Undergrad: 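One structure is given below, represented as structure tokens, and several questions about it will come after.
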Amino acid sequence: MMVLPRLDAGAFQAVPEGAARLLRPDGAPEGGRSGHGGDGGHGAPGGEGRLVAGVLDDFRALLRDSGDASWERIGTVYVGIGRRMAAEGRSLEEVNRLLLRADRVISRAIDAASSRPGLDGTSAAALADAQFVFLDAVSAALLRGHRSEADHGTGERTRRRRALLDLLLSDPPAPFGTLTAVARQAGWGCPAPSRPWR
């Protein structure tokens with residue numbers, strides 16, 4: 001089992017109680033869900049919008065429980081998203097773009113909350129600190145998942161290429177159909193044979 005990146009719960013404990021309820025996604029009514037609902041489906045292909053909206057829900061959940069109880073569940077979701085992105089062949093640059101969008105969603109929510117009664121400057125600053133800590137931990141979880149899957153994929157490609165090399169060097173030669181199938185699995189193109197194959 002993968003160890004999750006650490007989340008500094010102290011940043012969440014410094015946020016005044018009740019601040020989470022002031023954070024709403026772009027004017028959504030109190031209590032309305034903006035994102036993934038904790039199911040992890042927001043990392044599905046094409047699910048970036050749900051992921052970005054779900055980030056605010058996750059941030060609010062951590063604020064409500066002072067950063068303690070929810071991080072294991074939430075962090076595991078982001079590790080899984082990083083793995084899926086790597087498995088889909090998506091780069092770390094795409095992971096970073098996703099984080100920037102998530103940062104904007106939370107920043108807008110804090111901005112909007114700052115104009116409402118009940119959130120003074122000190123509380124808004126505490127929210128901004130918690131936001132930084134949260135996105136840092138989410139970034140680490142996404143990268144950990146992405147790296148883990150990429151390392152696994154690299155190992156699998158290496159294994160497949162070794163199998164191809166073994167077939168190419170076999171005596172008697174392997175049938176052309178077998179070579180082309182193994183070459184495709186290894187991610188290598190295969191030219192048409194120049195002489196008859198067995």
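Values in this document were obtained by computation on a predicted structure and should not be read as measured data.
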Undergrad: Sequence neighbours left out, what passes side chain to side chain contact (heavy atoms under 4.5 Å, CB included) with Arg104? Give chain and number order.
TA: Leu100, Arg101, Arg108
Undergrad: Restricting to side chain to side chain contact (heavy atoms under 4.5 Å, CB included), what partner residues turn up for Ala14, sequence neighbours left out?
TA: none
Undergrad: Could you pull out the closest heavy-atom pair between Leu119 and Ser114, with the gap in Å?
TA: CD2-N, 3.7 Å
Undergrad: Quick one: does Leu7's side chain get under 4.5 Å of Leu62's, heavy atoms only?
TA: yes
Undergrad: Shortest non-hydrogen contact from Leu23 to Ala109?
TA: CD2-O, 3.6 Å
Undergrad: Asp8: which residues meet the side chain to side chain contact (heavy atoms under 4.5 Å, CB included) condition with it, sequence neighbours left out?
TA: Arg6, Val133
Undergrad: Only pairs at least two apart or in different chains count here, so list each ring pair (Phe, Tyr, Trp, His ring centres under 6.0 Å) that has a residue in residues 99-119.
TA: none
Undergrad: Taking Thr76 for the side chain and Glu72 for the main chain, is one N or O donor matched with an acceptor at less than 3.5 Å?
TA: yes
Undergrad: Between Asp65 (side chain only) and Ser70 (backbone N and O only), is there a donor and an acceptor less than 3.5 Å apart?
TA: yes
Undergrad: So, do Leu63 and Val15 sit near enough that their side-chain heavy atoms are less than 4.5 Å apart?
TA: yes
Undergrad: Taking only residues two or more places apart in sequence or in another chain, which ones pass side chain to side chain contact (heavy atoms under 4.5 Å, CB included) with Ala140?
TA: Pro5
Undergrad: Determine the minimum heavy-atom distance between Gly145 and Arg83, stating which atoms define it.
TA: O-CG, 3.2 Å
Undergrad: Rounded to the nearest 0.5 Å, what separation is found between the CE atom of Met85 and the CG atom of Leu142?
TA: 7.0 Å
Undergrad: Do you know which two heavy atoms are closest between Leu22 and Pro117, and how far apart they sit?
TA: CD2-O, 4.3 Å
Undergrad: Counting C-beta onward and ignoring hydrogens, is there a side-chain heavy-atom pair between Val55 and Tyr78 closer than 4.5 Å?
TA: yes
Undergrad: Suppose the criterion is ring pair (Phe, Tyr, Trp, His ring centres under 6.0 Å): which pairs have a residue in residues 114-134, not counting sequence neighbours?
TA: Phe59-Phe134
Undergrad: Who pairs with Ser123 by side chain to side chain donor-acceptor pair (under 3.5 Å), at least two apart in sequence or on another chain?
TA: Asp120
Undergrad: Minimum heavy-atom separation for Leu99 and Leu135, please, with both atom names.
TA: CD2-O, 4.4 Å
Undergrad: Who pairs with Ser107 by side chain to side chain donor-acceptor pair (under 3.5 Å), at least two apart in sequence or on another chain?
TA: Gln131
Undergrad: Just jot down the salt bridge (Lys or Arg N to Asp or Glu O under 4.0 Å) partners of Arg97, sequence neighbours excluded, or say none.
TA: Glu93
Undergrad: Can you name the side chain to side chain donor-acceptor pair (under 3.5 Å) partners of Asn96, sequence neighbours left out?
TA: none
Undergrad: Using modelled atom types and a 3.5 Å cut-off, is there a donor and acceptor pairing between side-chain atoms of Arg90 and backbone atoms of Val95?
TA: no
Undergrad: Whether the side chain of Ser148 engages the backbone of Arg144 through a donor-acceptor N/O pair (distance < 3.5 Å, no angle test) should be reported.
TA: no
Undergrad: With no hydrogens and no angle check, is any side-chain donor or acceptor of Glu149 less than 3.5 Å from a backbone partner on His146?
TA: no
